[in-house]
There are 2 protein chains.
Amino acid sequence: MAFEKEHKILDGYLRDKGLKQSAQRRDILNAFLKTEGHMTVEDLHKIVKRKNPSIGIATIYRALKMFCECGLCRELRLGDGMIRYEHKYGHAHHDHFTCLKCNKLIEATDPEIERLQEKLARKMGFKLQGHLLILYGLCRECK
Amino acid sequence: MAFEKEHKILDGYLRDKGLKQSAQRRDILNAFLKTEGHMTVEDLHKIVKRKNPSIGIATIYRALKMFCECGLCRELRLGDGMIRYEHKYGHAHHDHFTCLKCNKLIEATDPEIERLQEKLARKMGFKLQGHLLILYGLCRECK
DNA sequence: CAACTTATTGATAATGATTATCAATATCAA
DNA sequence: TTGATATTGATAATCATTATCAATAAGTTG
Ligand SMILES: [Mn+2]
Ligand SMILES: [Mn+2]
Ligand SMILES: [Zn+2]
Ligand SMILES: [Zn+2]
């Protein structure tokens, strides 16, 4: 099943916090790592139930929040009312482009934009700690 | 009370759509235009009630959505669970910086960043129609 | 292993912002 | 003034996320 590194990160986090391991969290982490999308809690719940039909959706909520805390995943608020989650460990920072017609979500980054954000923040006397950039428009197929 | 131009825009929109005028919408528009912040529906409701105590919050929701449709205001989703509204008519496009400590919200723009977003979208075969950029960090007073 | 402490789980209730519904009322054209 | 229809305010519904809680599982100690 692999994903040793990620499970090690989770286990280290649990140990540090005095928490316990559980089969549910392992199942959820495996299911999360096996997908490469931008998953909603409900998406993940459907998938995990195939391996563990008795798992409750509250456990998915709790696990994903925990995975975020230990750096395994990242929350993504695209403004559609639901939080989405994507891989963070082993993935470089990137921003997103969403197609207003087909709702496709595509990853994009421009190091120059990142640098100018830093510069803009500095010019205004701010210490930049993060940013959210979402581009909206029509994708290659829809325009 | 001024704001003739903005009221004219609203009235034109109502006429085009075959809708009717109302004192409530005029009061809400005046209250909205008098503030220069990034207002939540509840904020506006509190303010409008000072002039018109019987106004319901549903009417605020409806009016702000309408103002967005006719280009008078702009929705702002900062990820705090509530939609905020800011002036659009007569205001140039800008992005936002939020302080993670004091929650201050400051406006910022960099034409170079805007241009690079266009360039990035073009390079990926996209037709860019809008973007959301929020910078997070510590403001001058909090850092 | 057995006893015990404490974290986890799943079901379900609560929350809170936004929407939908609806009867009463206001607007406006004729 | 009348009639058609848009608007309003109260309130119920929605829906994603959180909180609650009793039952259970994990892990520690002896
Ligand atoms: Mn992504
Ligand atoms: Mn602004
Ligand atoms: Zn598309
Ligand atoms: Zn600050």
Side-chain angles (χ1 to χ4, degrees), chain A residues 7 10-32 38-70 73-85, chain B residues 7 10-32 38-70 73-85:
Chain A
H7 280 278
L10 176 60
D11 292 350
Y13 177 84
L14 295 174
R15 203 173 315 113
D16 289 353
K17 298 270 182 180
L19 303 177
K20 295 170 182 174
Q21 303 197 343
S22 79
Q24 285 92 333
R25 279 202 282 246
R26 275 190 296 273
D27 290 345
I28 295 167
L29 183 53
N30 282 327
F32 172 66
H38 301 82
M39 314 290 293
T40 208
V41 166
E42 209 188 320
D43 293 340
L44 246 304
H45 188 215
K46 283 206 194 92
I47 294 173
V48 179
K49 275 207 289 197
R50 295 204 286 258
K51 175 131 301 181
N52 182 340
S54 69
I55 202 158
I57 197 164
T59 303
I60 314 283
Y61 274 102
R62 288 185 284 236
L64 286 171
K65 186 178 285 187
M66 174 178 283
F67 298 167
C68 286
E69 275 162 26
C70 62
C73 82
R74 188 159 81 103
E75 233 182 78
L76 207 54
R77 290 167 193 268
L78 299 177
D80 62 350
M82 287 167 290
I83 302 176
R84 288 164 185 281
Y85 295 90
Chain B
H7 280 279
L10 176 60
D11 292 349
Y13 177 84
L14 295 174
R15 202 174 317 113
D16 289 353
K17 297 271 180 178
L19 303 177
K20 295 169 181 175
Q21 302 197 344
S22 79
Q24 286 91 330
R25 278 201 282 246
R26 275 190 296 272
D27 290 345
I28 295 168
L29 182 54
N30 282 327
F32 171 66
H38 301 82
M39 313 291 294
T40 209
V41 167
E42 210 189 317
D43 293 341
L44 246 305
H45 188 214
K46 283 205 194 94
I47 294 173
V48 180
K49 275 206 292 195
R50 295 204 286 257
K51 176 131 301 183
N52 182 341
S54 69
I55 202 158
I57 197 164
T59 303
I60 314 284
Y61 274 102
R62 288 184 285 236
L64 286 171
K65 186 178 285 187
M66 175 178 283
F67 298 166
C68 287
E69 273 162 29
C70 61
C73 81
R74 186 160 82 105
E75 233 182 77
L76 206 54
R77 290 167 194 267
L78 299 176
D80 62 350
M82 287 167 290
I83 302 176
R84 288 165 184 281
Y85 295 89

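None of the values given here were measured: they were computed from a predicted structure. First the proteins, then the strands, lettered A, B, ... as listed; each starts at 1. All values below come from the heavy atoms of this structure, side chains included, with hydrogens, waters and symmetry mates left out.
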Can A/L14 and A/K20 be said to form a side chain to side chain contact (heavy atoms under 4.5 Å, CB included), step by step? CA-CA 6 Å; A/L14 295 174; A/K20 295 170 182 174; over 6 Å; no
d([atom1], [X]; [atom2], [N]) in whole Å:
X	N	atom1	atom2	answer
B/L14	D/dT5	CG	P	18 Å
B/K49	D/dG9	NZ	P	11 Å
A/R84	D/dA16	CZ	C1'	13 Å
A/Y61	C/dA13	OH	P	17 Å
B/R62	C/dC22	CZ	C1'	11 Å
A/L19	D/dT28	CG	C1'	15 Å
B/I55	D/dA10	CD1	C1'	14 Å
B/I60	D/dT7	CD1	P	15 Å

Looking for any heavy atom pair under 4.0 Å, which part of the strands does [X] touch: base, sugar-phosphate only, or nothing?
X	answer
A/I57	nothing
B/K17	nothing
B/E42	nothing

With respect to B/M39, which candidate in B/L64, B/L76, B/I83, B/I47 satisfies the side-chain contact (heavy atoms from CB on, under 4.5 Å) definition? B/I47
Pick one: which of B/R25, B/K51, B/H7 meets side chain to side chain donor-acceptor pair (under 3.5 Å) with B/N30? B/H7
Between the side chains of A/E69 and A/K65, is the shortest nitrogen-to-carboxylate-oxygen separation below 4.0 Å, so that they form an ion pair? no
Most 5' of A/A58 and A/R25 on DNA chain C, judged by nearest nucleotide: A/R25
Which is more 5' along DNA chain C, the nucleotide nearest B/S22 or the one nearest A/M66? Just name the residue. A/M66
Go through B/N52 and B/Q24 one step at a time and tell me if the side chain to side chain donor-acceptor pair (under 3.5 Å) criterion holds. CA-CA 8 Å; B/N52 182 341; B/Q24 286 91 330; 5.4 Å; no
Tell me whether the OP1 or OP2 atom of D/dA25 has a side-chain N or O from A/Q24 closer than 4.0 Å. no
Earlier contact from the 5' end, DNA chain D, for B/A23 and B/K20: B/K20
